[in-house]
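The structure under discussion appears below in the form of structure tokens.
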Amino acid sequence: MPFRVLCLPGQRVRHATNSRTQQFPLAFSAINPEKAPIQQPLLLKRDVSVMKSAVVVFPGLNRERDMIAALTKIGGTPPAVVWHKDTELPDVDLIVIPGGFSYGDYLRCGAIAARSPMMDTIRERAEKGVKVLGVCNGFQILTEAGLLPGALMRNASLKFVCREVKLEVANADTPFSRRYAQGQVFRCPVAHHDGNYFADADTVASLEDNDQVVFRYTADTNPNGSINNIAGITNARGNVLGMMPHPENLIEPAHGGDDGKGIFAGLLN
Amino acid sequence: MTFRNDIEITPELVASHGLKPDEYQKILDLIGRTPTYTELGIFSAMWNEHCSYKSSKKWLKTLPTKGPRVLQGPGENAGVVDIGDGQAVVFKMESHNHPSFIEPYQGAATGVGGILRDVFTMGARPIAAMNALRFGEPDHEKTKHLVSGVVAGVGGYGNSFGVPTVGGEVQFDARYNGNILVNAFAAGLADADKIFLSEAKGVGLPVVYLGAKTGRDGVGGATMASAEFGDDIEEKRPTVQVGDPFTEKRLLEACLELMKTGAVIAIQDMGAAGLTCSAVEMGAKGDLGIELDLDKVPVREERMTPYEMMLSESQERMLMVLHPEKEAEARAVFEKWELDFATVGKTTDDLRFRVFWQGDEVANLPIKDLGDEAPEYDRPWVAPTPPAELDPSTVPDADIADALLSLLGSANHSSRRWVYEQYDTLIQGNSLQTPGGDGGVVRVEGHPTKALSFASDVNPRYCEADPYEGGKQAVAECWRNLIATGAEPLAATDNLNFGNPERPEIMGQIVHAIKGIGDACTALDFPIVSGNVSLYNETNGRGILPTPTIAGVGLIDDHAKMARSKFSREGDAIILIGA
Amino acid sequence: MKARVIVTLKNGVLDPQGQAIEGSLEGLGFAGVQSVRQGKVFDVELSGADSVTAKAELERMCEKLLANTVIENYAVEIID
Amino acid sequence: MKARVIVTLKNGVLDPQGQAIEGSLEGLGFAGVQSVRQGKVFDVELSGADSVTAKAELERMCEKLLANTVIENYAVEIID
Ligand SMILES: Nc1ncnc2c1ncn2[C@@H]1O[C@H](COP(=O)(O)OP(=O)(O)O)[C@@H](O)[C@H]1O
């Protein structure tokens, strides 16, 4: 399959793994979903091998529909939707824990969901190398479950914040970020109350040393006070990503842009 | 246990239930005996201003409520309007003013929770919310606390529930110093042929309680004083209702799942005066009696009395009438979502509202009369006096640029971003225009081109100067905000916030404002399909500014052609149109 | 001087957090839990002041900010 | 049996809530406040069990759920 990069038309990008710099006259954003019949994937099927994914739903999550829409539109096939009490997780390449307020965010964000039996299954899959993406509450759940280090504390403003931020790609060499160029800055919305990433100094140092920080807020758009402007990190192996911003809410012109699409596009084989 | 249902009904007790002597006489005439304590509570709930609209009904009836697209006008949990392709938009606005003043976070949160329930009780998935807020002067000692609590509460509930907030209003004026206004709007999307109503049908069918457990939340402060306990009250119990958006979100999913099973005959949200109002409304609308067994009601506190259970305003609860053969299937849905599901009574053919508790009948009342016979007043009113015309010579000279700058920087004209950034405006992935423009726009999921536009407006200072013109203006402004997004306005809901209607000059404001709203809506073919009235809003013995909030919904056929308020390209011409 | 302030919900006030925790503990196999109510604790360090003054000061802080006295109770304890 | 569990942030862990409260207290004119750290309290009712068993059980609850031991400490106290 030819290598493709998501970027705005005419934008210069550098691909992280081979450092080639190329000009892309035509990118995904040139595809107008308004012209495409509804429910059809934004990508043509022949362009991609179908990604098998599952979205895990805990009670109180509320961005699962947004996530399902994004995976369907970009991945070309709807994800399996798995209720947290289901004992079977289908055989998939990608497991997604979407955003929301699992168990009301009571006790600590993500704490109660993180202790559910479903998380043991997800942990086993992650250990086998299956990709896991946690967005917003999903990120909080992954840290509470110990799949990712650190914790998400209350925003420095103590207020819920919903706005657009800019993310800088700190590591383009992950399955989640490979459609972006190293150092590329892209737009992405956030909507959360507890996104203030914190870890002790040693943990932060090792995250930085191992290139586990994948996305950072640009310094002037950090919405929550998170340490080192961290917006998203992976585990050491690189197959589990947690991020606070919501790429699923910026994937088509109707959203005012499609900067978030690359994350899903990158996960296609 | 020292509960008694035979507490003596004294004039003081009657008065503390907000019932006037002649209203109490009406109760005596109606039932031919002294009511029990529980019955007195039931009457006070059904006959208060909030449930009976006794001061405003006469005037509300004059509003235009019909139109070719109106599927359901006022009288249900929310209004329903056809948007084509077999779909309908379901919406309403409701106030939570007094609770928000007492406890701003929980008051506002439960206001949002209540209006969302009104919408999904009818079978619609909520897709948009708005909130119209009015506070006292910015530097009044209470304002800061109230603003931060209310905004956090609106966000805390709506964000967690998962509905995008797409619009609203915030205003400051000294006249709201002691009485803020929190008006919450919600809209949902449903299949036009799958709207659920509250009218019970069929005799001997189970009446089922759904959702969260019942506590003492909101059981009236004044009425609490009347020692239904002996000496075992440990502390003065707060009557604040606490919202639980997590339970509400599960209730939403469970209800929509339940409705698909075909088990639901009628369903009603438990709002103000919870079990009482919902049971009576369902029965009375269906010309049926209702029997409740309070021992079956899920409670979360010990030793709850029938009086308390009937008046509790615990949140996130509903009542439904069910097809008995579907009971197991319906129960399984609620068990999956870990919510209470209890059969608490049945429908009867005797047109009585009978309530049993521990083997005793604690209430036995004529169900239709509880609503139909509620007092209705034609309160005296005087036409508002228009303010004297302003003498131009008294207007101080000011530098226009300075004036403009101070206007732009003033609390009432500055950006509202600090508010709406605390609300999730993007969730569900369908927001095409978020707050900050004229109307909020949300696309209709599953349709390639359609979108809905929402706006909420009123200018209380205009309404104070001239309630009739102010009422008209509120409708016109809402309408303009909708068309400014490229939408065809469909219908509106109103939230009429006024002072004490027993004062003729306030009643005059109400009458004139409703007339103005009605005339404007008629002229614009913009029917009012739902609404809410909040009276007795006073601060330091003076009424608030008359504030009839109008929230409207419009339809955009093709959102690719949607209009926005921002200039989008250099070199475009700027054109001023209008009168 | 160190002090601890404990703020708890008044009786009868719904505690959705406590309920969710109760449910989760049960799910994790803790059988004997009958109820959980969640509250807040504030560990405050104060400069100077004797403990009587400090306590009065902390109570004023509770009334003004730390507790929402409409629905919460508070208790102040001087630690050292 | 009644017990109280107190969960506090470990030293060095960021406490945005505590910081904000510190700032507000100062703003309200409380001069002597040097630091505020916010934690949680859980009032738990347990059925049966002697206090030794109960305490052990509560500690397990903390390890498993009530505290995030990466950032928090806990203390258990049996009340009666
Ligand atoms: N100002 C108003 N204009 C039009 N309809 C109104 C108005 N106020 C109330 N209504 C209608 O009267 C009915 C009863 O209102 P309300 O008691 O607030 O509803 P609920 O039963 O949800 O508490 C509702 O259908 C509402 O739409």
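Naming convention: chains lettered A, B, ... in sequence-line order (proteins, then strands); numbering from 1 in each chain.
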Just give me the residue among B/E103, B/E338, B/Q241 that pairs up with chain C most often, heavy atom to heavy atom, under 4.5 Å. B/E103
Can you tell me how far apart CZ (B/F246) and CD (C/Q17) are? Round to the nearest 0.5 Å. 11.5 Å
State whether the number of non-hydrogen atoms from other residues, nucleotides or ligands found under 6.0 Å of B/K142 atom NZ is greater than 12. no
For B/R300 and C/G12, indicate whether the former's side chain and the latter's backbone hold a donor-acceptor pair under 3.5 Å. yes
Identify which part of C/D15 has an atom lying under 4.5 Å from any heavy atom of chain B, answering side chain, backbone, both or neither. neither
Which atom names give the shortest non-hydrogen contact between C/P16 and B/G243, and what distance separates them? CG-O, 3.9 Å
Measure the NZ-NE2 distance between C/K64 and B/H145 for me, rounded to the nearest 0.5 Å. 12.0 Å
Are any of the side-chain heavy atoms of B/S314 and C/L14 separated by less than 4.5 Å? no
Please round to the nearest 0.5 Å and tell me the distance separating atom CD1 of B/I102 and atom CD1 of C/I71. 12.0 Å
In terms of heavy-atom contacts, does CD of C/Q34 have more than 12 from other residues, nucleotides or ligands at under 6.0 Å? yes
